[in-house]
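As the structure is a computational prediction, the values presented were derived from the model and not from experiment.
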Amino acid sequence: MPRPRAGGGRRGDGLGAVPPRVYGDGERGRGLHSATSEAMAAPARVGLRRWLSSRAPAPRICVVGSGPAGFYTAQHILKFLATGFLCSTPSCPAFLPEHHDLAQVDIYEKLPVPFGLVRFGVAPDHPEVKNVINTFTHTARSDRCAYYGNVTVGRDVTVGELQQAYHAVVLSYGAEDNRVLGIPGENLSGVYSARAFVGWYNGLPENRDLKPDLSCETALILGHGNVALDIARILLSPLDFLRKTDITDCSLAALACSKVKRVWLAGRRGPLQVAFTIKELREMINLPGTQPVLNPADFTGLENAVKDAPRPRKRLTELMIKTALEKHREKAVMAQAAVPRQWGLKFQRSPQEVLPTADGMRVRGVRMALTRLEGSGDSAKAVPTGDMEELECGLVLSSIGYRSLPLDPAVPFDTQHSIIPNNLGRVMGVPGLYCSGWVKRGPVGVIITTMNDSFDTAQSVLEDLQEGVLDVSVSKEGFGAVGSILRSREWEKIDAAEVARGKAAGKPREKIVDPQEMLQLIGH
């Protein structure tokens, strides 16, 4: 598959406009300038001072991952190197007086297309959130930025090889896995992770063949976060609403045939611990053709409990209380009317087992342990009471969190917390290696949280440039070196496939004779 790219080369063509598979700096239009080779012969000096001299090579910085964390990191680095200042405060004394406009940032992505979570995670009916793509596209089209898709770091090229090619490497590859429930029946048909379901309706290539079974009337979503509410909203939204979004055609067709008319969202803790925000809750409450079902008893005494709570938590809880009381009265009035689509929140319930149908093939319900809370606020813990209940459903969606995976054996990784150990984005024990976004702090927060986090990491890179921690005295080839590595390994993929097929047939190799098949093997 081609490697789309942007930045350098022809301006104005947009993402992926430059002909693919032409590697090397010369093609990009920015290249290794004559000043670079001259600088390599200059007397050795340390760090940024050498960069600021008229003969010094420009810093080359690599970002792995093209989601919000990757683009915000690149954006901040390019912005403040261009202004010459190392912080946003006008009185900031740390500045870069020369050559700040020569720094170059390359962004690598394993998919052919950029934008990560903004493209594949944000709900289709939230176009205003996706507007940030315009800013990212502007960054990608900069003469000092280039995008390379269809490159899997850790497989096609190692982190160590990137460090040889760049002065600094920033890992911003996000959380590409989900937490598992770890209970019996989790693998039954009809049980899906929220990540896979979201990827399905948003067109993530790896989830295009999910084909969720929506033939049941009741769905259970395990989790009380924004993603859980997003899924509930997509399941219950009028089709006319969804047709105006960028939801995939196959997902829209499946939802048009959906029998789901009732969605429960269950969490281990109580109303004061829900992770969703008021915007998403209000969207669900106001969703046409649906009826919220909240039990007023779940909110007894909470009005006093939230008086001194932070304003966002107080407003969120007050809205749930108001909805529970109002909708409870409306429900009694509507008892004789046609039952609309419904959704509701169930608190203090912890899943213990996914129950199978009689043939043992599909989900028919979930056994839940009732819990009580020990402690208060966000730190409250759910403790089983010993009581159980069964909730009937034909569709289960687990929305209990995402998690990052290790990228390369050379990169430290905290398996308990699923993050890269770091100090302000500096990877512990590996100079010149940084991280930003979810792989840095865990899968929490919204896009603005990721923006601020990424700016912090970018600031660490800038400070290390300014203080000479990053040695930019030696010229780095950047993509020129990486492109050579990628080219050299393409034939190895074909060779490995031939040997594997030959082994299965008891032969040294089974030669591949179709050029198109060869191209498919090397990712064209």
Side-chain angles (χ1 to χ4, degrees), residues 181 183-194 196-198 200-201 210-225 227-239 241-242 251 254-268 274 276 280-281 283-285 287-295 297-298 320 323-324 327-328 330-331 334-335 337-370 387-400:
L181 293 168
I183 61 176
E186 185 172 7
N187 296 320
L188 285 171
S189 177
V191 181
Y192 308 94
S193 71
F197 194 78
V198 170
W200 169 70
Y201 64 64
L210 188 68
K211 295 181 175 61
D213 186 346
L214 306 179
S215 62
C216 64
E217 291 190 355
T218 302
L220 172 62
I221 302 174
L222 300 172
H224 280 165
V227 173
L229 283 185
D230 283 347
I231 293 173
R233 195 174 63 254
I234 294 299
L235 284 172
L236 298 177
S237 284
L239 288 178
F241 277 32
L242 296 179
S251 302
L255 290 166
C257 299
S258 172
K259 299 287 195 298
V260 176
K261 64 179 183 180
R262 187 180 305 104
V263 178
W264 298 112
L265 299 96
R268 294 179 299 111
V274 295
F276 52 73
E280 280 69 22
L281 177 62
E283 285 178 330
M284 282 300 303
I285 293 170
L287 189 64
T290 64
Q291 174 75 18
V293 180
L294 279 69
N295 186 352
D298 289 334
M320 285 190 285
T323 303
K327 300 303 178 182
H328 186 69
E330 289 180 15
K331 185 178 179 182
M334 297 175 61
V339 177
R341 290 184 170 188
Q342 296 180 329
W343 66 274
L345 301 173
K346 290 185 175 293
F347 302 103
Q348 295 180 230
R349 286 163 170 82
S350 177
Q352 302 298 300
E353 180 183 2
V354 179
L355 304 172
T357 52
D359 61 7
M361 301 299 293
R362 286 191 46 78
V363 55
R364 68 167 178 84
V366 176
R367 180 174 290 117
M368 316 281 281
L370 303 187
D387 295 326
M388 296 280 184
E389 73 172 18
E390 292 185 6
L391 197 156
E392 292 186 5
C393 58
L395 174 65
V396 176
L397 295 146
S398 172
S399 184
I400 58 172

Student check: side-chain heavy atoms of Phe276 and Leu265 closer than 4.5 Å: no
Within-4.5 Å side-chain heavy-atom neighbours: Asp230 and Val198: no
Close side-chain approach of Val363 to Leu355, heavy-atom, < 4.5 Å: no
Heavy-atom check, side chain of Val354 versus side chain of Ile183, under 4.5 Å: yes
NZ/NE/NH1/NH2 to OD/OE distance under 4.0 Å, Glu392 and Arg364: no
Min side-chain heavy-atom separation Leu220-Leu395 under 4.5 Å: no
Side-chain touch Ile231/Arg233, heavy atoms, less than 4.5 angstrom: no
Pairwise side-chain contact, Leu281 with Met320, heavy-atom cut-off 4.5 Å (strictly under): yes
Distance-only donor-acceptor check, side chains Ser350 and Arg268, under 3.5 Å: no
Flag for Arg362-Ser189: side-chain donor and acceptor within less than 3.5 Å: yes
N/O donor-acceptor pair under 3.5 Å between Thr323 side chain and Leu294 backbone: no
Pair Glu390 + Arg367: basic N to acidic O under 4.0 Å: yes
Test item: Met368 and Gln352 side chains (from C-beta on) under 4.5 Å apart, heavy atoms: no
